[in-house]
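Following: one structure in structure tokens, then a few remarks.
What you see is a predicted model; the values in this text were computed from it and never measured. Protein chains get the first letters and strands the later ones, always in sequence-line order, with residue 1 at the start of each.
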Amino acid sequence: MAVMSFLTVSLLFALGLFTVLSRRNVFKTVIGLTLMESAVLLLLISWAYIPGGSAPILPLQGKGVDPLPHAFTLTAIVIGACDIALAFAFIMKLNRFERSVNVDDFRRLKG
Amino acid sequence: MTEPFFVVAAERVLPALLAGALVAAAAVYGEGYFDAVEERRAFRALLRVFFFSVIGAVFSSSWLVFFVFVEISTVALFLMIAIQRRDVAEGYLQIQLVGASFFLAGIAGASIMGGALLSSPVPRVLLPLFILGLGVKAALPGLHFWLPEVHGTAPAPVSALLSGFAVKLGVFGFLAALPSEPHSFLLAAGAFMALWGAFRAALQPDVKRLLAYSTMSQLGYIVAAAAAGSQVGTAAAIFHTAVHGLVKGMLFFCAGILEKTYGTKKFSGLGGGAAALPWTFFLFVFAAASLLGLPGTPGFASKGLIKEALHGFSPISLCLLAANVGTAVSFFKMGAFAFGGVQKSPRKILQGRLRLMNGGMLMLVVFLLPLGLFPGWAPSFLGVEGIRFYSFAKCAESLSVALAGALLFAAYRKKPGFADALLRRIDEAGSCFSCVSERGGAFVRSVQSGFLRGYLFAAVATALLLMLWFSR
Amino acid sequence: MSEPLLAFLYFFILLTAVVAVLLDDLLSSFISLSVTGVLMATVFALFRAPDVALTQAIINSGLVTSLFLVAYSQTQRTPSPAGECRECPFWLRWPGAALVSSLFAAVLFRGLYVLSGDRIPGSTSAHYLSQTLEETGALNVVAAILLDYRAFDTLGETTVIFTAVFGISLLLSGGKYVHSGHGLSFIVKRGMALLTPFILLYAASILFLGHLTPGGGFQGGSVFATVAILICVVYGTNFEAARISPKSKETFEAGGAMLFVFIGLLGIAWGGGFLANLSGPFPAGTPGSLFSGGNMLLLNLAVGMKVGAGLSSIFYTMIKILELEDDSWPS
């Protein structure tokens, strides 16, 4: 099961990376970013799982799963949402300057 | 790193005090010098950064820490010069970065071979790298072409900091890098710098360039003293660093006041300053006398100590003596043209600003006076005892040098620009390598496509390659 | 938990992700991404991570999609030319990117493969699982980690939220704001009016019971922000701004942060250290009741205020540009 999870994580991350590198629409870049973040979240949670474990709410029924990565993942989700919001704000602002959402048109910092 | 970052020792405290004095005086002076509020604000902020970085550099314990702080101070100076002259600032930064890369290569080698602490001399084989890197900062001949341009066109308080402290950081590095035996190349280089600088200074048509060349000349003194290798030499170098820093600071402040009053830096536009700016004239006389080494001034003490250190190297001492004559010529020239002669039309500066600028100069005098009145204090602080400063022979020597300079000036005062064009071409021969860096920069700029995806692709591909390489 | 179920969910996660990547229509791809988020929340729940599943569903599937919709409506899109970009270097076209990404996936998987094996939680996690009740008085171990053992990190996280809000309002500042009185139709408004109290109750329960059941300040605050967004959409921004003015949102946000720090300082004043819980002046209470867990109730409140106000002011800032005249934009 862990192998399956890791396989999915790698594929999801690669999918996100592919999107960022090859899609021209800047919204697709944000999608790629989201996919990469989701891959990492999946990795953290799947790695925290202990077979036969129960949710980390006391009183535990049997062993509990590892709660520390859950805390990290919570933080990561919130921060991911914040950075995606900021990315959207950047897109809106850039759109006013260039009137396009093509990431190849944003070349003002060249040189 | 198990070693502490910072080390406190006698020979580091004196430069730190110098830095403090210069920065404080420059802060006061800058309030009066800069016209616009944003300039004043920027200068104040950058002055603090400069002070912090310089203190860190002076008290650092290892080469890498020293390097980091020196580069921070370079950036602070770049920004300060850019307050008024962006192009000159960029040239300065480029040159310093090239020197810094050599310096860093030397440090990397030293860390690998052991001996990365500032307290132990550097392995012999790496010494050329260090000399090359630090030489750019200390304006060794061949690497000095940036000095007249930058020091001569930067805003006056920034020139004061540059000439007063920044170039001394290079010498500080020399003192740490050299083993304790005389280094013939640096001795010769120092003597050459002293002569070249002094005589080029006498030929300049521009006040600040005169002062810049004079800095180069005095740096020659310091480098020669440092290269002598003995403890007396080290103490002499540091003592003269302090004295020269304070004095050159005063002189650059004075040049700034002249520039603000008369609107120009060229000698053809200046005149009659003694009547228009009495306080400034008085302070200038004190500073120039100190630089000439007249008895009773701190310059006399420090030059005396240098002569002690170079006791066994008579050709070098003779060169330094000749350079002293040249210095005398140039400062008589500055005094006569700027402060004497026909009164050119001075602009009206606000009395408050003039007071601030003079106040800055006065602060430096306060630090200079004890060094002059108690010449034995600084050397004994640095560990050298028992030097007799005042003897008939020495006083006579310094007075006669001053007299010779005055006579030379009087003889040649009609031809201020003699042979300057030819010598300038020699000087600027070293600056052609800036066109190489231009070419390289243009190439890099053409490779940059501007595509975000392209950059990301390159980054990811490189990371993958590194990963595959390291996991074989 | 059965492996086939997990495999099924993973397959659909990847499928929806591929759809999100490859579709040309932006709206459909973001809806597909939202589906991916919900599926991932299900997977998280199957992995016995209820807090994380809740957060993922609310924030990633809900809030991010609504922010995308705002951004999408604000941008002028020239139709992108079909096919590959002509002036891109050859390696940037999709074969090159696919090659690099698959190489990356292979390297990543090879590295991760080493980790598969019997999972033994580290000593820290074992400590958290066994000692939480005595040391913090709370029942939700994850909330205890976030608000007691590692409360300082949570303070940093609220700083990140603040930075995002600040950056967005900086980027999208300027220009006039025109209130819109429109909203949706009458039926929607009445329905929303019936529903809102329950949503608010739900949000409050997630927030205040965060130390006992899955939930907490982040989740609760996000649902509060969702309510604000819903009211904006259904009733028009005029109504929403009258009810909760932007100034009060800023006050709430700052108030949340200050409450957090104040609680931490109380801990110092008591002699326990910054953000001290039971070693500070806060009582442990009986486990399982509302007033237990020391300062976790208050910290949840502070975090909820911060997150809720922050996220809704992000939405409000992005919406604001919607109603500007086009030529009054400062370029």
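- Contacts between L74(A) and chain C at a heavy-atom distance below 4.5 Å involve backbone atoms as well as side-chain atoms.
- Side-chain contact between K63(A) and L129(C) is absent, with no heavy atoms from C-beta onward closer than 4.5 Å.
- The part of T34(A) that comes within reach of chain C is its side chain, from C-beta onward, which places non-hydrogen atoms under 4.5 angstrom from that chain.
- Using a 4.5 Å cut-off between heavy atoms, L212(C) touches chain A through its backbone atoms (N, CA, C, O) alone.
- Proximity to chain A (any heavy atom under 4.5 Å) is restricted, for A138(C), to the backbone atoms N, CA, C and O.
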Subject >> CA sep, side-chain torsions, deciding dist, call: Y10(C), S5(A), side-chain contact (heavy atoms from CB on, under 4.5 Å) >> reply: CA-CA 8 Å; Y10(C) 279 157; S5(A) 303; 2.8 Å; yes
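- Contact of P287(C) with chain A is not made at all, since no heavy-atom distance falls under 4.5 Å.
- Of the listed residues (L311(C), D51(C), L146(C), T213(C)), the one with the most heavy-atom contacts under 4.5 Å to chain A is L146(C).
- Between F109(C) and V3(A), some side-chain heavy-atom pair lies under the 4.5 Å cut-off.
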**OP:** Go through the steps for Y113(C) and F6(A) under the test ring-ring contact (aromatic ring centres under 6.0 Å, His included), then give the verdict.
**Re:** CA-CA 7 Å; Y113(C) 188 72; F6(A) 295 152; 8.4 Å; no
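- Of the atoms belonging to L133(C), heavy atoms from both backbone and side chain fall under 4.5 Å from chain A.
- Within the 4.5 angstrom heavy-atom criterion, atoms from both the backbone and the side chain of L112(C) approach chain A.
- The OG atom of S2(C) sits 9.0 Å away from atom CE of M1(A), with the distance rounded to the nearest 0.5 Å.
- Side-chain contact between F47(C) and H70(A): absent, with no pair of heavy atoms (C-beta onward) separated by less than 4.5 Å.
- Looking at L41(A), both its backbone and its side chain come within 4.5 Å of chain C, counting heavy atoms on both sides.
- Both the backbone and the side chain of F68(C) come within less than 4.5 Å of a heavy atom of chain A.
- Within the 4.5 angstrom heavy-atom criterion, atoms from both the backbone and the side chain of L68(A) approach chain C.
- Between chain C and the residues A55(A), A2(A), G32(A), the largest count of heavy-atom pairs under 4.5 Å involves A55(A).
- The part of L33(C) that comes within reach of chain A is its side chain, from C-beta onward, which places non-hydrogen atoms under 4.5 angstrom from that chain.
- Here the shortest heavy-atom pairing between S101(C) and L17(A) reads OG-C, 4.1 Å.
- Ranked by heavy-atom pairs shorter than 4.5 Å toward chain C, the options I79(A), L94(A), T73(A) are led by I79(A).
- Taking CG from L15(A) and CG from L22(C), the interatomic distance works out to 7.5 Å, rounded to the nearest 0.5 Å.
- Rounding to the nearest 0.5 Å places CD1 of I84(A) at 11.5 Å from CD1 of I314(C).
- Interatomic distance, Q56(C) CD to S38(A) OG, rounded to the nearest 0.5 Å: 6.0 Å.
- To the nearest 0.5 Å, the span separating CD1 on I45(A) from CG on L46(C) amounts to 12.5 Å.
- Side chain of K28(A) to main chain of V21(C): a donor-acceptor pair is present (N/O by atom type, distance under 3.5 Å, no hydrogens or angles).
- Heavy atoms closer than 4.5 Å to chain A are found nowhere in V107(C), neither backbone nor side chain.
- Residues T75(A) and V160(C) fail the side-chain proximity criterion, which asks for heavy atoms closer than 4.5 Å.
- The environment of D24(C) atom CG is sparse: at most 12 non-hydrogen atoms of other residues, nucleotides or ligands sit within 6.0 angstrom.
- The closest side-chain heavy-atom distance from F44(C) to L42(A) is below 4.5 Å.
- For F72(A), the part lying near chain C is the side chain, with the backbone staying farther off; criterion is any non-hydrogen pair under 4.5 Å.
- Between F30(C) and F88(A), the ring planes are tilted. Angles from 30° to 60° get that label.
- Considering CG of L9(C) and OG1 of T8(A), their distance stands at 10.0 Å, rounded to 0.5 Å.
- Of the two parts of I57(A), the backbone and the side chain both hold a non-hydrogen atom closer than 4.5 Å to a non-hydrogen atom of chain C.
- Heavy atoms closer than 4.5 Å to chain A are found in both the backbone and the side chain of L67(C).
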